[in-house]
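FYI, the numbering just counts along the sequence from 1.
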Amino acid sequence: MEAIPGVSRKLASGRDGADNPGSFIPSGLLPNPEKQAGATSSAQFCGYPNSTHFVKDLRKKLADAVTVAEKIPQDEMNYLVCSTYSEFVDKVAVGTSQITAMMKNLSHYWGVPAATYRHFEQPQNKAAIVQGIDETTKQLKERMDMTLDELARLKEEHSAAPSFIAPGVQPTAGGKAGKARFPTRTAAVVRPQIAHGWKIDNSHSPFVPRITVKHNALRSLELSMNEPGPGDGKAPHPYQFELDLFEPEEQRLALKPPIPAKKPAETEFSYIDTLEEFQRSLLELASAKDLAVDVEHHSYRTYLGITCLIQISSRTKDYVFDTIALRDHIHELNAVFTNPKILKVFHGGNLDIQWLQRDFGVYVVNMFDTGQACRVLPLPRFSLAFLVQHYLGRIIDKTHQTSDWRVRPIPNDMLDYARSDTHDLLFLYDCLRNDLIRKDPSLGLLQQVYVQSKSVCLQRYEKQTTDVNDFAMIMWRFAKNFSEQQKFALKRILEWRDDVARDLDESIGLVNVLPSGRENVHRHVFKEC
């Protein structure tokens, strides 16, 4: 999760916007670093005794902000009258600068594409500012939702296996060991990157796209990869040109009766783990008009992560592709995934898109993300489990949500679980499309889902860098007790842990070098500093 204190310090400074950050935003709305640094000995959470006090005060500050906003003239005539007063105009200008600076800083911190907040570059264009705030807020909310979902998943996943203790580091005494949910399926898994001799690049060098052949190209791969990028250090997107030109076909913007999927027992199913089966399945998929797609991923016994399975469902058949066995051939899915005539339905595809790029050089053109549709409608919740319950009246069995998908052969119950993620997804897409059209017959909402889904496809994978979030979180809680020497030591220890994880191709969460508890941290790590 992103370290919020760093953002707070950026925003509270006000240097990118106005000289007086407190003149428009209610005082104290953002955490105050000076207050945090000088907090009493009982303060543990961003200058507050605990997170409950922080949230309580934040709600009050937000309520104050809303109260101030409601005093701004709403109708055009009153606004024009107020605009004749120079003091009002000055206040609005300062507030606009502050808000745009805050949004730009938050956007940069959370990795929102620069194109999303380009509107802030026109401070005199109020319509552009409003549009920029609207688009950026949606992107930020989506990233926060995604981060919270990923945090919950990692928390479960990492609690299912014991930590690796780096050589020379004493294990923590009295620590509470996490109970593995599926111990019989994680204990003896051979690490595929070692068994198959994969070349793993955990270095700090930038990610180089793996794509070598560009299917369904409107612009050659060479030209696409030589396009000037947005200056963020990432490689160009090979399908930027095709995605920019993509528009959904008219037939996909019309009401149609939803097509329920047959029961799994009545639906043809193929588990694909040989090249011959893979080539045959590609021909079948190429003839489909709609495909549902999902990915099963493993992130605990690897530094960057491993895509273990790809599940695909057409209207008549379910497929599960063993991407460990077929790793060197999965890139051929680009013939289908980048075909603009074939709709690919994902649910919450943000991470799936990046994993497909990282491991196989696979990209997607023409996506409908049901997670985005949930947000646009909006529905009360955005999860696949909620959609299944809402439209099908079923409760999803999430038993294998944190299973180790590297295990081979895959047990039948895990295969059934993986298959179920896409089996009904096309029907859910039908229902969401119709609800979007009924809510907005002008098709604005449906078009918005396609635009937001396109933004998901335009993501470009980049390697994770040395994670400063652990340092920020520890400092957030314990900064008042650390000397400068101890801060320096903590940074170096976390950097060392990252180096160990890279060298061993293990996740940072697996390499446990810090004893638990504040007292143990001081006694065991910083005693000599």
Discussion item. Do Val376 and Leu436 have side chains that approach each other closer than 4.5 Å (heavy atoms only, starting at C-beta)?
Written reply: yes
Output for pair (Ser281 OG, Phe321 CZ), nearest 0.5 Å, gives 3.5 Å
Name the orientation class of the two ring planes belonging to His237 and Tyr239 (parallel below 30°, tilted from 30 to 60°, perpendicular beyond 60°).
perpendicular
Inspect the surroundings of CD in Glu250 and state if more than 12 heavy atoms from other residues, nucleotides or ligands are less than 6.0 Å away.
no
So CZ of Phe360 and CG of Leu326: to nearest 0.5 Å the spacing works out to 9.0 Å
Report task. Determine whether Glu506 and Arg301 make a side-chain contact, defined as any pair of heavy atoms from C-beta on separated by less than 4.5 Å. Result -> yes
Here the gap from Trp355 atom CH2 to Tyr461 atom OH, rounded to the nearest 0.5 Å, amounts to 11.0 Å
The reported gap from CZ in Arg433 to CZ in Phe368 (rounded to nearest 0.5 angstrom) is 8.5 Å
Do Asp352 and Ile310 have side chains that approach each other closer than 4.5 Å (heavy atoms only, starting at C-beta)?
no
Here the gap from Asp318 atom CG to Ile312 atom CD1, rounded to the nearest 0.5 Å, amounts to 11.0 Å
* Asked: Would you say Arg358's side chain and Leu304's backbone share a donor-acceptor pair under 3.5 angstrom?
  -> yes
Exercise. Would Leu425 and Phe346 count as a side-chain contact (heavy atoms from CB on, under 4.5 Å) if you check the C-alpha gap in whole Å, the side-chain angles of each, and the deciding distance to 0.1 Å?
Worked result: CA-CA 8 Å; Leu425 193 53; Phe346 285 70; 5.7 Å; no
Query raised in the report: Side chains of Leu351 and His297: does their closest heavy-atom pair fall under 4.5 Å?
Result: no
Arg280 meets the side chain to side chain donor-acceptor pair (under 3.5 Å) criterion, sequence neighbours left out, with none
Report task. May I ask you to check whether Tyr303 and Asp503 show a side-chain donor-acceptor distance below 3.5 Å? Result -> no
Ion pair present between Arg219 and Glu242, side-chain N to carboxylate O less than 4.0 angstrom?
-> no
Arg252/Asp290 salt bridge by N-O under 4.0 Å criterion = yes
Gln354 versus Asn350, side-chain donor and acceptor atoms under 3.5 Å:
no
Nearest heavy-atom contact between Asn202 and Ile200 is OD1-CG2, 3.4 Å
Presence of salt bridge, Glu296 and Arg406, under 4.0 angstrom: no
From CA spacing to verdict: side-chain contact (heavy atoms from CB on, under 4.5 Å), Gln459, Lys234: CA-CA 10 Å; Gln459 293 180 114; Lys234 300 181 188 178; over 6 Å; no
Note: His204 and Asp499 closest approach over all heavy atoms is NE2-OD1, 4.3 Å
Would you please indicate yes or no on a ring centroid separation below 6.0 angstrom for Phe382 and His347? no
**Item:** Distance-only polar pair, side chains of Thr274 and Glu277, donor-acceptor under 3.5 Å
**Value:** yes
Test your reading of the model: is there a side-chain donor-acceptor pair from Arg375 to the backbone of Gly371, 3.5 Å cut-off? yes
| Close side-chain approach of Arg502 to Asp498, heavy-atom, < 4.5 Å | yes
Report yes if the side chains of Val213 and Leu221 come closer than 4.5 Å at any heavy-atom pair, otherwise no. no
* **Backbone of Gly349 reached by a side-chain donor or acceptor of Asp369 within 3.5 Å** => yes
Query raised in the report: Looking only at side chains, do Ser224 and Lys214 share a donor and an acceptor under 3.5 Å apart?
Result: yes
Is it the case that the side chain of Lys344 and the backbone of Ile342 share a donor-acceptor pair, with hydrogens and angles ignored and the cut-off at 3.5 Å? yes
query = Is there side-chain contact between Lys289 and Lys341, with at least one heavy-atom pair below 4.5 Å?
reply = no
| Between Asp322 and Arg408, is the closest basic N to carboxylate O distance under 4.0 Å? | yes
So side chain to side chain donor-acceptor pair (under 3.5 Å) across residues 324-334, not counting sequence neighbours, yields Gln279-Glu332
Do Lys454 side-chain atoms and Met367 backbone N/O form a donor-acceptor pair below 3.5 Å? no
We want to know whether Asp359 and Thr307 form a side-chain donor-acceptor pair, criterion being a heavy-atom distance below 3.5 angstrom. yes
| message | Under a 3.5 Å threshold, yes or no: a donor from one side chain and an acceptor from the other, between Asn366 and Asn339? | response | no
Correct closest heavy-atom pair for Val511 and Val500 would be CG1-CG1, 3.9 Å
With ring-ring contact (aromatic ring centres under 6.0 Å, His included) as the criterion, how do Trp405 and His298 come out once you've worked through the C-alpha distance, each side chain's angles and the decisive distance to 0.1 Å? CA-CA 6 Å; Trp405 293 102; His298 179 81; over 10 Å; no
Correct closest heavy-atom pair for Val362 and Ile330 would be CG2-O, 3.6 Å
Heavy atoms of Cys457 and Ile353 approach each other most closely as O-CG2, 4.2 Å
Item checked: Minimum side-chain heavy-atom gap Phe278-Leu333 below 4.5 Å -> yes
inquiry  = Using side-chain contact (heavy atoms from CB on, under 4.5 Å), reason through Leu309 and Ile324 one step at a time and then give a plain yes or no.
reply    = CA-CA 7 Å; Leu309 297 175; Ile324 292 177; over 6 Å; no
Closest non-hydrogen contact found for Val449 with Ala373 is CG2-CA, 3.7 Å
Can Glu284 and Tyr319 be counted as having a side-chain donor-acceptor contact under 3.5 angstrom?
yes
Is the NZ or CZ atom of Arg419 positioned over Tyr417's six-membered ring, under 6.0 angstrom from the centre and within 45° of the axis? no
Contacts of Lys463 meeting salt bridge (charged side-chain N to carboxylate O under 4.0 Å, His left out) (sequence neighbours excluded), chain-then-number -> Asp201
Practice item. Test side-chain contact (heavy atoms from CB on, under 4.5 Å) on Val345 and Val293 and set out the steps. Key: CA-CA 6 Å; Val345 179; Val293 184; over 6 Å; no
Requested in this report: Report yes if the distance between the aromatic ring centroids of Tyr363 and Phe337 is under 6.0 Å, otherwise no.
Outcome: no
When rounded to the nearest 0.5 Å, the distance separating CG of Leu291 from CG of Leu343 is 8.0 Å
Just checking, any donor-acceptor pair under 3.5 angstrom between side chains of Asp505 and Gln193?
-> yes
